[in-house]
Amino acid sequence: MEFIPGMHIEWMNGWLMLAVFYILFGLFLLNCSKGVVKKLYSIAGWSKREYTLSALGKPFSLVYIGLMIFSPIKAGTAVFWIGLILYIIGTLVMFIALFEYRATPVDEPVQIGIYKYSRNPQWAGLALIFYGAAIMTGNGLAVLLLSGTLVLYHFRIKGEERACLTAYGDPYQKYLNSVRRYF
């Protein structure tokens with residue numbers, strides 16, 4: 001792992017792992033109802049602070065993606081295998097969570113399957129996917145930027161949870177009290 005490894009554009013760069021994820025995610029969204037997609041991207045009920053801090057994470061995300069475009073995957077090395085394992089686990093967690101999210105009626109909170117162990121398995125899976133891709137390239141700066149993004153996105157998650165508490169009331173409060181925010 002290097003802070004900034006040699007960077008150049010190749011087809012076996014970190015962008016490839018991100019492209020695979022975004023293609024799968026796009027196909028998933030195309031197979032969801034408009035209500036599910038709207039609920040997935042809703043910012044209703046967020047405070048201005050939560051929205052602002054979440055928005056501050058976006059530039060970190062964009063720089064991270066730029067680094068992935070130019071960072072070659074370190075195929076066959078220890079960082080490649082560690083990153084690949086994290087990427088696969090993250091992808092499984094993310095898509096299991098998404099399918100359970102889609103299976104739950106839009107007017108109900110998701111509390112089935114993997115949501116019994118984490119209130120935010122989609123975010124946990126996404127973090128593993130992005131960390132895995134960064135580690136596969138051995139790019140320490142990408143890992144650092146991603147960490148900054150996740151700290152700021154924590155406020156997004158708090159906004160989502162507060163909005164769910166407002167929408168679903170006491171049953172959701174019981175859920176908050178009994179299930180961890182992450183894993």
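By convention here, the first residue in the shown sequence is residue 1.
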Heavy-atom closest contact ([X] atom, [Y] atom, distance):
| X | Y | result |
| --- | --- | --- |
| R119 | V179 | NH1-O, 2.6 Å |
| G132 | L86 | CA-CB, 3.9 Å |
| A44 | A163 | O-CB, 3.1 Å |
| P59 | L56 | CD-O, 3.1 Å |
| Q122 | Y101 | NE2-CD1, 3.3 Å |
| K74 | V79 | CB-CG2, 4.0 Å |

Exercise for the section: Would you check if the side chain of N31 reaches a backbone N or O of L27 as a donor-acceptor pair within less than 3.5 Å? Expected result: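 The answer is yes, because a donor-acceptor pair under 3.5 Å joins these two groups.
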Problem - K38 backbone acceptor or donor facing S42 side chain under 3.5 Å - result: no
First locate atom [atom1] of [X], then atom [atom2] of [Y], and finally report the distance between them rounded to the nearest 0.5 Å.
| X | Y | atom1 | atom2 | answer |
| --- | --- | --- | --- | --- |
| T91 | I129 | OG1 | CD1 | 4.0 Å |
| L62 | T149 | CG | OG1 | 9.0 Å |
| S54 | I157 | OG | CD1 | 9.0 Å |
| R162 | S47 | CZ | OG | 5.0 Å |
| M68 | L16 | CE | CG | 12.0 Å |
| L18 | W15 | CG | CH2 | 10.0 Å |

Practice task
Classify the angle between the aromatic ring planes of F28 and F99 as parallel (below 30°), tilted (30 to 60°) or perpendicular (above 60°).
Solution key: perpendicular
Handout entry: Parallel, tilted or perpendicular: ring planes of F130 versus Y64, cut at 30 and 60 degrees
Key =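 Plane angle between 30° and 60°, so tilted.
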Exercise for the section: May I ask you to check if K174 and Y168 form a cation-pi contact, with NZ or CZ under 6.0 angstrom from the six-membered ring centre and within 45° of the axis? Expected result: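 The answer is no, since K174 fails at least one limit relative to Y168.
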Practice task
Please check if any side-chain donor atom of E161 sits under 3.5 Å from a side-chain acceptor atom of Y175, or the reverse.
Solution key: no
Problem - Y172 and T166: side chain donor to acceptor below 3.5 Å - result: no
Practice task
Verify side chain to side chain contact (heavy atoms under 4.5 Å, CB included) between F60 and L146, making sure each step is shown before the conclusion.
Solution key: CA-CA 7 Å; F60 288 95; L146 182 57; over 6 Å; no
Heavy-atom side-chain proximity of [X] to [Y] below 4.5 angstrom:
| X | Y | result |
| --- | --- | --- |
| I135 | Y87 | no |
| H154 | V151 | no |
| Y117 | R180 | no |
| K158 | E160 | no |

Exercise for the section: Go through Y115 and T104 one step at a time and tell me if the side chain to side chain donor-acceptor pair (under 3.5 Å) criterion holds. Expected result: CA-CA 11 Å; Y115 285 88; T104 302; over 6 Å; no
Exercise for the section: Count the heavy atoms belonging to other residues, nucleotides or ligands that lie under 6.0 Å from OH of Y51, then report whether that count exceeds 12. Expected result: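 Atom OH in Y51 is not packed in, count stays at 12 or less.
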Exercise for the section: Mark yes when over 12 heavy atoms from residues, nucleotides or ligands other than R181 sit less than 6.0 Å from its CZ; otherwise mark no. Expected result: yes
Practice task
Would you sort out whether L53 and R156 count as a side chain to side chain contact (heavy atoms under 4.5 Å, CB included), showing the intermediate values?
Solution key: CA-CA 7 Å; L53 289 170; R156 175 186 182 104; over 6 Å; no
Exercise for the section: Could you go through the side chain to side chain contact (heavy atoms under 4.5 Å, CB included) check for F183 and I114 one step at a time? Expected result: CA-CA 10 Å; F183 285 106; I114 200 167; 4.0 Å; yes
Problem - Y182/W123 aromatic ring centres below 6.0 Å - result: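 Centroid distance Y182-W123: not below 6.0 Å, so no.
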Exercise for the section: Evaluate side chain to side chain contact (heavy atoms under 4.5 Å, CB included) for L40 paired with L29, printing each intermediate quantity in order. Expected result: CA-CA 10 Å; L40 192 61; L29 289 177; 3.7 Å; yes
Can you hop from [X] to [Y] via hydrophobic side chains spaced under 4.5 Å?
| X | Y | value |
| --- | --- | --- |
| L30 | F21 | no |
| W81 | M17 | yes |
| V37 | F25 | yes |
| M94 | I23 | no |
| I65 | M12 | yes |

Practice task
Evaluate side chain to side chain donor-acceptor pair (under 3.5 Å) for N13 paired with S71, printing each intermediate quantity in order.
Solution key: CA-CA 5 Å; N13 282 7; S71 298; over 6 Å; no
